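These notes are about the structure you will find just below.
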2 protein chains.
Amino acid sequence: MKKAPISSSNGHETAASPTLEDVARTAGVSTATVSRCLNNPSVVSDKTRKRVLDAVKSLGYAPNFGAQALAAKRTRTFGAIVPTMENAIFARGLQAFQEELQRCGITLLVSSSSYSPELEEEQIRGLVARGADALLLIGFDRSPQIYEFLEKQQVPYVIAWVYDPDQPMLSIGFDNRRAMQSLVTQVLELGHRSVALITAERNGNDRAQQRYEGLLNAMKAHGLDPKTLHVIETTYSITNGAEALKTLMQSDQKPTAVICGNDVLAAGAMVQARKMGLKVPDDLSITGFDDIEIAEIVTPTLTTVHVPHRKMGKGAAQMLVALRNGQNPDQSIELEAVTILRESLGPVPKSET
Amino acid sequence: MKKAPISSSNGHETAASPTLEDVARTAGVSTATVSRCLNNPSVVSDKTRKRVLDAVKSLGYAPNFGAQALAAKRTRTFGAIVPTMENAIFARGLQAFQEELQRCGITLLVSSSSYSPELEEEQIRGLVARGADALLLIGFDRSPQIYEFLEKQQVPYVIAWVYDPDQPMLSIGFDNRRAMQSLVTQVLELGHRSVALITAERNGNDRAQQRYEGLLNAMKAHGLDPKTLHVIETTYSITNGAEALKTLMQSDQKPTAVICGNDVLAAGAMVQARKMGLKVPDDLSITGFDDIEIAEIVTPTLTTVHVPHRKMGKGAAQMLVALRNGQNPDQSIELEAVTILRESLGPVPKSET
DNA sequence: TTGTATGCGTTATCAC
DNA sequence: GTGATAACGCATACAA
C-alpha cells in the first residue's frame, strides 16, 4: 500500500520538475486522468480536459522521458546512424528523413560512425538501449551479430543507400553497381582507355565496393583488362582526393580519365589538377558520384551520378513508420540514380588517340 | 509488499530483453549486486563480479535506458541544436563536440531547427524531456521563455558561435562583429567604395546581425555612408547566393565588392559571376565567412573569415562536462576568427577608380 | 467519464 | 560484501 506522500507541497520550493501528480493535484483530478488528457484526449470530457491543460501550462509540466519510456515501452524516437556528418553526402537525405518523421511526431536521433564498424555497432546498441523504436542504417555490410541483435530486440530497421533484391533485409536505395557501370560506359564511349579510380576503402563499405565492381564491368564490356585499372583507396576528404590525383599523375601510366568514388574526392582531384596546371577536361576528365552541392561549384562543373537523396530519406521514414505500426510493408524499394553530364568529362585528349 | 513473481522463467521464452533480475538470478546474486558490478565494480568482490559479468555476457544483457534515467536522474546524454545540418557550417564543430563527449562516455543527440525559432524551442523541450543532461545551443537570440525553462529545469547549457561578455549566459565563440569589421576593412583598404552584402535573414540570427553591424562599422570608419550599402537577405544556399548576385549586378549601383554572410552564399555568388562572364577578382571581388571546405574548392579560392570550428566544439564540450559535474566553470571563452586572404579578393577594378 | 492500483527496470539507502 | 526494498514518474487494466 502506498504511504502518504512525505509532504507534497512542502515549504522549500524545489526547482524540480513538476510531475503528473503535481498536475493532478492542482487540477483536482487523478494522475490517470492527466495522463489520458495528454495521450488520448478524446476520451476525457471537455471540462476536465481544459482544467488539466491549464494546470499543465501553469506548472510548466513536461513528461519525464525515462518514466514514459519505462511505462509505455516506446519512445516515439527513431535513430539513424550514418558513416559521416562532416561532408554533405548524407546530409540532404537525413534532412528529408527527419522532415518526414517530424510530420509523424517522431524525434530523430543521429549518430555518426566515422566509417568504423566497431563504432557503428556501439552506436546501434546505444540507440537501441535508449529506446529507439526503429533504426535507419546505411549499407548492408555489417556483422551478423548486429543483425541478430536487432532481430532479438525486435527493433525494426531499414537499410538505405543501397538496393539489392537478394538481401533479406528491407532496403531503399539504388543499384550502386549499375549506376557506376552506366557512368563509366559513357566515359569509355568518349574514347578513354586509360582509366583510374579513387575510392573510399571498400572493405566494410558495400557502396564503394559495388561502384568498383560496376567500373570493372564497364571495362570488361569494352574489352579492357581490369588489371590495367589503377586504384587508390583513401578516406573521403578533399585533401585525400587531391593527394590521390597527384600520385596518379606521377605514375607511369597516366590516366586520361579519373573516376572518383564520390564528389568529395572528385572535388579534391579537381583542385589538385588545377594546381598542377592540368586543364579539365581537355587534359584530363574527372567524374564524381553523389551529386552533392559541390558538384556544381567546382570549376569546371562535375559530371557525376545523381543520387536521389531526398527520395531515399523520405521513403525510408515512411517504411519505418509502417514497420513501427506493425504493418509489414511491401518490399525493398529501388530508386534510380542517373548520370549527370557536366563539364568535367570530355573526349580523350587528341595527343592520346 | 512485493508479491512473488508470477513466474520468472515461464515456459514461453519471450524475446524480450533480459533485465537486471534475470542476470541476478542466473548469477545467483541480488539485483543490487549486479547493479553495483556495472556501475561501481570496485566495491564488489572479484569472484562475484566475474560470475555476474559472465551472466551479463551470456544473456546479452543491456540496461534499459528509461529505467536507468528514471532511477539515476541522469542520462549521460547531451543534446545539441544547430540551425542546419544541410550544409557544412556546423558540421566540423559538431564533430569535434561529439568526439570530446565520446571521450567522456557521453552520447550526443543532434537536432536541426532549420533556422526556425519555433522549431528550435520545440526541440529544446524535446531534448530536455528525453533527459538531456546538458545542451549546446547556437547564438544568443531566442525567447526569454526558453531561457527560463532551462533555468527552471536546471539543465546546463552553453551558447556557441558567438561571444559577448555582456550576456549573462555562458558562451564560447568569437566576436562576429569584429571579425566582419576586420575583413571589410581590408576590402575597403583595397580601394573598394561600392560594396554590397548578401546575408542570411538577420531577424533571430545574431551572428548574421552582428556581421552586418561589423560591416557598417568598417564603412563608417572609412567615411562611407551606410545608406549606400545594398543588402540582400536570403536563406543560406548556393542557389540563393547566385540569385542574389544576379540581382545585385542588375541594379543601378553595381558593387565592386560583394560581402557574403557565409561561404555558402559566397560560393553561389561565385558560380553566378562566372555564369555572367565576370572575372573574380578582376571585375568583382567576393568574400565569404566561415572557411568551410568549399572556400578552397571554388575558383578562384575564396577570401573568408576562418571560424575556429573545432576549438569551439571541443571547448563547448569541456564546459558542459564541467557544468554537469557541478563545477561552476570560469567564464565565457573568446576565440579568434581571422581573415584568410585568398584569390577572390582583389583591388578595385581600374575602370572604377 | 473518472479513479485506483500495479508494474515497468534501475539505482541507492539501508540493514546485515 | 551483500541482500532487501523503497523510490523514480508514468501508462494502463480494471473498477466504479
Side-chain angles (χ1 to χ4, degrees), chain A residues 1-8 14 16-25 27-52 55-56 59-76 128-131 153, chain B residues 1-8 14 16-25 27-52 55-56 59-76 128-131 153:
Chain A
M1 193 153 295
K2 194 169 202 171
K3 289 182 193 139
I6 314 297
S7 83
S8 300
T14 90
S17 302
T19 72
L20 249 204
E21 196 172 333
D22 296 327
V23 177
R25 202 179 318 112
V29 299
S30 75
T31 61
T33 299
V34 178
S35 174
R36 277 190 287 258
C37 263
L38 268 27
N39 299 311
N40 197 4
S42 63
V43 79
V44 35
S45 80
D46 286 7
K47 235 175 36 191
T48 45
R49 181 174 40 213
K50 183 173 169 359
R51 216 143 38 98
V52 170
V56 165
L59 289 180
Y61 168 79
N64 176 296
F65 177 72
Q68 217 166 9
L70 188 54
K73 291 168 184 274
R74 65 187 189 118
T75 58
R76 293 187 155 279
V128 170
R130 69 188 349 95
Q153 299 275 337
Chain B
M1 193 154 297
K2 195 171 202 171
K3 289 182 194 140
I6 314 296
S7 84
S8 300
T14 90
S17 302
T19 72
L20 251 203
E21 196 172 333
D22 296 327
V23 177
R25 200 178 320 115
V29 299
S30 75
T31 61
T33 299
V34 179
S35 176
R36 276 189 290 256
C37 263
L38 269 25
N39 299 312
N40 197 6
S42 64
V43 79
V44 36
S45 79
D46 285 8
K47 237 178 26 192
T48 46
R49 180 174 42 212
K50 184 175 168 358
R51 215 143 37 96
V52 170
V56 165
L59 288 180
Y61 168 79
N64 176 295
F65 177 72
Q68 217 165 10
L70 186 56
K73 291 169 185 277
R74 65 191 189 115
T75 57
R76 293 188 155 281
V128 169
R130 69 185 350 92
Q153 300 274 337

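So you know, we letter chains A, B, ... as the sequences are listed, proteins then strands, and number each from 1. These numbers were taken from a predicted model, which means no experiment stands behind them.
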So do B/Leu38 and B/Tyr61 actually touch side chain to side chain, heavy atoms under 4.5 Å? yes
Calculate, to the nearest 0.5 Å, the distance between atoms CG and CD belonging to B/Leu70 and A/Gln68 respectively. 11.5 Å
Measuring from A/Arg36:CZ to A/Ser42:OG, what's the distance to the nearest 0.5 Å? 11.5 Å
Within less than 4.0 Å of OP1 or OP2 of [N], is there a side-chain N or O belonging to [X]?
X       : N      : value
B/Ser45 : D/dT2  : yes
B/Lys73 : D/dG9  : yes
B/Asn39 : C/dT11 : yes
B/Thr48 : D/dT2  : yes
A/Gln68 : D/dG9  : no
A/Thr19 : D/dG9  : no

So [X], base contact, sugar-phosphate only, or nothing? Heavy-atom distance under 4.0 Å.
X       : answer
A/Val34 : nothing
B/Ala62 : sugar-phosphate
A/Tyr61 : sugar-phosphate

Closest nucleotide among [options] to the [X] side chain:
X       : options               : answer
A/Leu70 : D/dT2, C/dC8, D/dC8   : C/dC8
B/Ala71 : D/dC10, C/dT10, C/dG3 : C/dT10
B/Ser30 : C/dT11, D/dG3, D/dA11 : D/dG3
B/Leu20 : C/dT11, C/dA12, C/dA5 : C/dT11

